[in-house]
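Just so you know, ligand 1 is whichever comes first in the structure, and atom 1 is the first atom listed for that ligand. Keep in mind that the numbers below use all heavy atoms, side chains included, and drop hydrogens, waters and symmetry copies. This chain uses plain numbering: 1 for the first residue, then up along the sequence.
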Amino acid sequence: MSDIIKILPSDVSNKIAAGEVVQRPSSVLKELIENSIDANSTKIHIIIKDAGKNLIQVIDNGKGMSKNDMHLSFIKHATSKISKIEDIFSISSMGFRGEALAAISSVSMLEMESINNNQNGHFIEINGGELIREKDSNIQEGTSIKIKNIFYNVPARRNFLKSDFVELRHILDVFHRLAISHPEIEFSFINNEEEIFYLKEESLNKRIISIFGEKIRENLIPIHESTQIANISGFVLKPEFSKKSRSNQFIFVNNRFIKSQFINHSISASYDGLLKDGYYPGYFLFIEIDPTKIDVNVHPNKTEIKFDDDQNLYSIINSSVKHCLGIYQVSPVLDFDKDPSMDISYDQVKSQPTSPNIEINSDFNPFKVFNDDEVNKISDDHLTSINKLNLENDSNQALKIFQILNKFIVSTNKSSLIIINQNLAHQRILYESFLKSIFENSVNSQKLVFPIELSLTKKQLLLYNKIIDEFKSIGFEIIVKNELMLIESIPFGIEKNNVEEVIENILNEDFNTSNDFSASDFFAKRLSKITSIKSGQKLNSDEQEYIVNHLFSCKEPNLSPDNKQIFITLNKNDIENKFNG
Ligand code: ADP
Ligand code: MG
């Protein structure tokens, strides 16, 4: 019998290896950005078309490559980053296996331009791993790599790609992880000709806010702990910012994003008693650890990692998180006049302990001091005191409230005049009540005798599928068949005649992760905007009173869901100054 073992030709083995490194457009983007970071770039520009299926381009201002290096870069095991086996134990760069470009170029059409050390710029074009063209280039700095037509020569894999919506989510995940771990780098991100991120060089907390939106600002609790085993830094999110998904969980080891069940577990355990069932805490945790104490190369995508000393690391992380949550739990002083922007959330109120112990003590749990009755009592007392502080007049006197210009509601408290924008105030009230219904799943709906029929575009359908739960939890009962939507029930409070407009309006907006930190938030924001009382609408005294009372029971009465100021106050000094000035 003749020999049957063959050595695979390199293009075949590269294509097989590509399956490990290049699973989808987002994995290509990850490798390209990591290479740009390793090349000491300070600016990285990303251009995506059709969720990366037709174009992924990364342009950097890093150290670039010589003509020769460009040729070598797409050969397997070509790397400038290690030369001997010991190097891999002390490596700090993002990649070092020298496989990425070889793998990527074997399954796509690639164009690379680069310039290095005042040599002339050069351009090469590679299709399916074959160099097909090269020429001089007038590129001025760094490197630009274009990946066109990913998997054009492996149709089985191309067909396996998910919808643009899903692939783009993966791309954004990759982008978020790298942008968060490198706030010192300026990033821009263009998707289908539209700039969706421009992130200038900034601090970590600003970077997190730039990506996840202004709302996250007041929910960031800094964490800092240095121990002999590891240093921990970054931010954890307040319990009330927890979500039904793990999408706000970021762990970086030596500044590289990783996934780790046991670290997730250790952090979640620190939130014990602070989260509703089914909710996950959010965090941006940076762990710095001696690279010889970990093995990062266990997974080709390098997102899984082995720690030598995971038991100790578990308790260090657990107690550091408890520690910083404990500090944050020190109750804020309630002073409306001093700081009207203070966030008084129901959840926060509920979880306020007396004075927590802030020593690090792994057994310590500052949140177990209350039983439910005490918690409820505190939250009730607290709410009454908010109402007192804000708006209560003498108890036997009715509130003096009136409307001006069909646009503002004027009210007073003991020392100030308050002028409220009726539209923004109502948005805030609705927004919080929608969010509440979504989170508590408290359905409140009316069945329609004649269901409303709407036909959807593909894009609307994509977005609808993303926020289907939100629609349900608020009281919509909807059946979707093919691209037809049948609305059978609608929430109380929404007029039947407006339903079509409301749904069109929600589904026509682009879901933008930079401003809306979750689908629920997006949904509640849109819905509150559409259904709120508008400027120009005359309100009777009951309606005026409703707005004032409900506004000041909100968590954030001072800002609209889009962060606009809802009311102004004029105190005694302000008024006196008007007369003296
Ligand atoms: P690795 O990053 O593991 O070394 P890659 O296949 O990703 O392997 O890249 C191969 C080599 O190409 C790198 O070691 C580097 O020298 C060079 N290279 C790739 N991208 C860039 C870039 N954007 N700027 C400068 N050099 C780059
Ligand atoms: Mg690389």
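- Looking at ligand 1, you won't find any N or O of K63 less than 3.5 Å from one of its N or O atoms.
- Atoms of ligand 1 found under 4.0 Å from any heavy atom of A39, numbered from 1 in the order shown, are 24 (N), 25 (C).
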N/O donor-acceptor pairs under 3.5 Å from side chains in residues 53-62, not counting sequence neighbours:
unit_1	atom_1	unit_2	atom_2	d
K53	NZ	K162	O	2.8
K53	NZ	D164	OD1	2.7
N54	OD1	R158	NH2	3.0
N54	ND2	D50	OD2	2.9
Q57	NE2	S144	OG	3.1
D60	OD1	G62	N	3.0
D60	OD1	T143	N	3.0
D60	OD2	S36	OG	2.7
N61	OD1	T42	N	2.8
N61	OD1	K43	N	3.0
N61	ND2	T42	OG1	2.8

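- Taking every heavy atom of N35 and a limit of under 4.0 angstrom, the matching atoms of ligand 1 come to 2 (O), 5 (P), 7 (O), 9 (O), 19 (C), 20 (N), 21 (C).
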Practice item. Please assess K244 against Y279 for the test side chain to side chain contact (heavy atoms under 4.5 Å, CB included), listing each intermediate value before the final yes or no. Key: CA-CA 5 Å; K244 280 185 181 164; Y279 280 72; 3.4 Å; yes
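- Checked against the 6.0 Å centroid threshold, H45 and F187 do not count as a close aromatic pair.
- T227 is linked by a side chain to side chain donor-acceptor pair (under 3.5 Å) to nothing, counting only residues two or more places apart in sequence or in another chain.
- Using a 4.0 Å cut-off between heavy atoms, D38 makes no contact with ligand 1 at all.
- Of all atoms in ligand 1, numbered sequentially from 1 with element shown, those under 4.0 Å from a heavy atom of A100 are 6 (O), 7 (O).
- Contacts between T143 and ligand 1 below 4.0 angstrom, taking non-hydrogen atoms only, involve the side chain exclusively.
- Between Y431 and F523, the ring centre distance reaches or exceeds 6.0 Å.
- By the 4.5 Å heavy-atom criterion applied to side chains, S73 and M112 are counted as neighbours.
- No heavy atom of G62 sits closer than 4.0 Å to any atom of ligand 1.
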